Asker: 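The structure follows.
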Amino acid sequence: MTEKIIKKLKKIEKNHNIKILYAVEAGSRGWGFKSPDSDYDIRFIYIHKSEWYLSILEKKDVIEPPIEDLLDISGWDIRKTLRLYSKSNPSLLEWLSSPIIYMQRTSFIDKLKLLTNEYFQSKSCIYHYLHMAEGNYKEYIKKDTGKTKKYLYILRSIMACMWVEKHGTQPPMLFEKLMDSLDLDKNIIDEINSLLIRKKQGKIIGNESPIETINEFIDDKIDYFNRYVKALQINRNHNIEALDRLFRDTLKETWS
């Protein structure tokens with residue numbers, strides 16, 4: 001499948017006259033709990049030639065081909081990427097820590113990662129994961145039509161909040177690495193491991209009985225982090241000089 005993905009990415013490059021700087025797995029496969037029928041959630045960062053940016057017109061800065069053959073592919077232009085990076089966008093920061101890399105060109109990503117500590121914001125990160133946890137919990141678990149596999153998505157978001165509180169950095173992408181880094185109750189760990197095994201084997205059916213031990217854990221953590229995040233300060237780095245310089249340097253490196 002990797003060969004097929006790279007072929008698809010190169011076709012996107014040709015069709016849009018761009019260069020892809022970085023392409024990774026950003027979904028359940030990257031989180032480490034894929035099932036046999038999991039999609040490939042591929043996200044990439046790309047760059048146009050210099051002339052494309054020298055225009056008074058606003059231009060589309062995303063590429064989103066139709067989903068086909070389990071390939072869910074989309075990408076952001078480098079300028080959009082750097083604007084979001086300056087705001088500590090958690091989705092983007094996850095891409096940078098993905099364990100599955102399909103394509104990486106130039107020194108762009110390595111240099112960008114060196115700036116992470118300067119732009120990372122605990123408050124925006126916790127808000128992001130807390131919102132995801134609450135939304136999925138209400139939609140898929142609390143309702144009668146709950147989807148048991150969504151527990152893993154909710155738990156990952158909760159544990160990401162716990163990681164940020166503990167370390168003040170971007171959480172690791174791999175679910176089990178994240179779980180192992182936290183002091184969780186043994187009963188919770190046992191329930192999670194059971195879910196992981198069944199998810200990877202494709203044995204989680206659409207609707208199952210609620211797991212009360214996990215529900216209590218989620219309720220407690222959502223309540224806690226809703227109070228915790230409000231007390232955090234926003235310490236945004238408004239200096240974008242380093243990101244502007246990286247943008248210009250990458251243009252030269254890519255197209256020279």
Side-chain angles (χ1 to χ4, degrees), residues 6 9 13 18-27 29-32 41-50 52-53 61-63 73-129 156-157 159-178 180-182 229 232-256:
I6 293 174
L9 292 172
E13 285 186 316
I18 60 166
K19 285 291 184 182
I20 292 176
L21 302 172
Y22 186 62
V24 298
E25 186 66 47
R29 293 177 182 275
W31 298 331
D41 297 296
I42 301 146
R43 302 294 177 261
F44 64 92
I45 300 167
Y46 63 91
I47 190 168
H48 286 276
K49 292 184 178 180
S50 300
W52 190 90
Y53 300 101
D61 53 10
V62 297
I63 295 175
I73 304 177
S74 65
W76 291 348
D77 174 69
I78 184 175
R79 198 159 55 178
K80 175 184 179 74
T81 298
L82 291 173
R83 284 198 298 265
L84 291 173
Y85 186 85
S86 73
K87 299 175 182 178
S88 191
N89 180 275
S91 296
L92 172 60
L93 294 178
E94 279 199 8
W95 300 2
L96 301 185
S97 61
S98 175
I100 303 175
I101 300 173
Y102 296 113
M103 188 178 290
Q104 182 171 343
R105 293 194 180 112
T106 77
S107 59
F108 172 71
I109 289 299
D110 291 334
K111 290 178 179 177
L112 191 62
K113 288 180 179 179
L114 293 176
L115 299 171
T116 300
N117 290 339
E118 294 183 36
Y119 292 93
F120 181 80
Q121 296 175 41
S122 293
K123 186 162 188 151
S124 64
C125 192
I126 289 179
Y127 262 127
H128 169 81
Y129 287 113
R156 182 178 177 275
S157 296
M159 291 191 297
C161 291
M162 295 172 68
W163 172 281
V164 176
E165 179 190 21
K166 183 177 180 179
H167 299 284
T169 60
Q170 176 65 22
M173 192 168 179
L174 283 170
F175 184 97
E176 292 181 73
K177 180 178 180 180
L178 181 57
D180 291 344
S181 72
L182 303 170
V229 73
L232 290 179
Q233 300 296 314
I234 298 177
N235 298 309
R236 182 176 174 185
N237 184 352
H238 293 279
N239 182 5
I240 62 169
E241 182 179 345
L243 300 179
D244 277 343
R245 183 166 57 250
L246 179 56
F247 171 51
R248 293 190 292 266
D249 289 347
T250 306
L251 271 173
K252 293 178 182 177
E253 184 180 357
T254 304
W255 298 110
S256 62

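Here the structure is a predicted model, which means the values were calculated and not measured. If you read the sequence from its start, that first residue is 1, and numbering goes on from there.
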Asker: Mind checking whether W76 and W95 have parallel, tilted or perpendicular rings, split at 30° and 60°?
Answerer: tilted
Asker: Would you say that R83 contacts D61 through its side chain, given a criterion of any heavy-atom pair below 4.5 Å between the two side chains?
Answerer: yes
Asker: Under the criterion side chain to side chain contact (heavy atoms under 4.5 Å, CB included), which of T106, I109, T81, L112 is the partner of L21?
Answerer: T106
Asker: Is any side-chain heavy atom of E94 closer than 4.5 Å to a side-chain heavy atom of Q170?
Answerer: yes
Asker: Restricting to non-hydrogen atoms, name the atom on M173 and the atom on S98 that form the minimum distance, rounded to 0.1 Å.
Answerer: SD-CA, 3.4 Å
Asker: Less than 4.5 Å apart, side chain to side chain, heavy atoms only: is that true for D77 and Y46?
Answerer: yes
Asker: Could you tell me if the side chain of S88 sits less than 4.5 Å from the side chain of K123, heavy atoms only?
Answerer: no
Asker: So, for Y85 and Y119, is the gap between ring centers shorter than 6.0 Å?
Answerer: yes
Asker: Once the angle between the rings of H167 and W163 is folded into 0 to 90°, is it parallel (under 30°), tilted (30 to 60°) or perpendicular (over 60°)?
Answerer: tilted
Asker: If we ignore hydrogens and angles and just use 3.5 Å, is the side chain of E25 paired with the main-chain N or O of D41 as donor and acceptor?
Answerer: yes
Asker: Please report the interatomic distance CG(L174) to OG(S181), rounded to the nearest 0.5 Å.
Answerer: 11.5 Å
Asker: First locate atom OG1 of T250, then atom CZ of R79, and finally report the distance between them rounded to the nearest 0.5 Å.
Answerer: 13.5 Å
Asker: More than 12 heavy atoms of other residues, nucleotides or ligands under 6.0 Å from CG of N117: yes or no?
Answerer: no
Asker: On a heavy-atom basis, which atom in H48 and which in W255 lie closest, and how many Å separate them?
Answerer: O-NE1, 2.9 Å
Asker: Would you give the length of the straight line joining atom CD1 of I18 to atom CD1 of I45, rounded to the nearest 0.5 angstrom?
Answerer: 11.5 Å
Asker: Nearest 0.5 angstrom please: Y22 OH to L96 CG, how far?
Answerer: 5.5 Å
Asker: Supply the atom-to-atom distance Y102 OH to L9 CG, rounded to the nearest 0.5 angstrom.
Answerer: 9.0 Å
Asker: Please find the pair of heavy atoms, one from Y129 and one from P171, that lie closest to each other, and give the distance.
Answerer: CE1-CG, 4.2 Å
Asker: Could you tell me whether the side chain of L232 reaches within less than 4.5 Å of the side chain of Q121, counting heavy atoms only?
Answerer: no
Asker: Using a cut-off of 6.0 Å, state whether more than 12 heavy atoms not belonging to K113 lie near its atom NZ.
Answerer: yes
Asker: Walk me through it: do S107 and E253 pass the test side chain to side chain donor-acceptor pair (under 3.5 Å)?
Answerer: CA-CA 8 Å; S107 59; E253 184 180 357; 2.8 Å; yes
Asker: Should T254 and R105 count as side-chain neighbours, where that means a heavy-atom distance under 4.5 Å?
Answerer: no
Asker: Do you know which two heavy atoms are closest between Y53 and K49, and how far apart they sit?
Answerer: CD1-O, 3.5 Å
Asker: I need the S122 OG to E165 CD distance, nearest 0.5 Å.
Answerer: 10.0 Å
Asker: Considering residues, nucleotides and ligands other than K177, do more than 12 of their heavy atoms fall under 6.0 Å from its NZ?
Answerer: no
Asker: For the residue pair L178 and L182, what are the closest heavy atoms and their distance?
Answerer: O-CG, 3.5 Å
Asker: Find out whether R156 and W31 are in side-chain contact, i.e. whether some heavy atom of one side chain is under 4.5 Å from a heavy atom of the other.
Answerer: yes
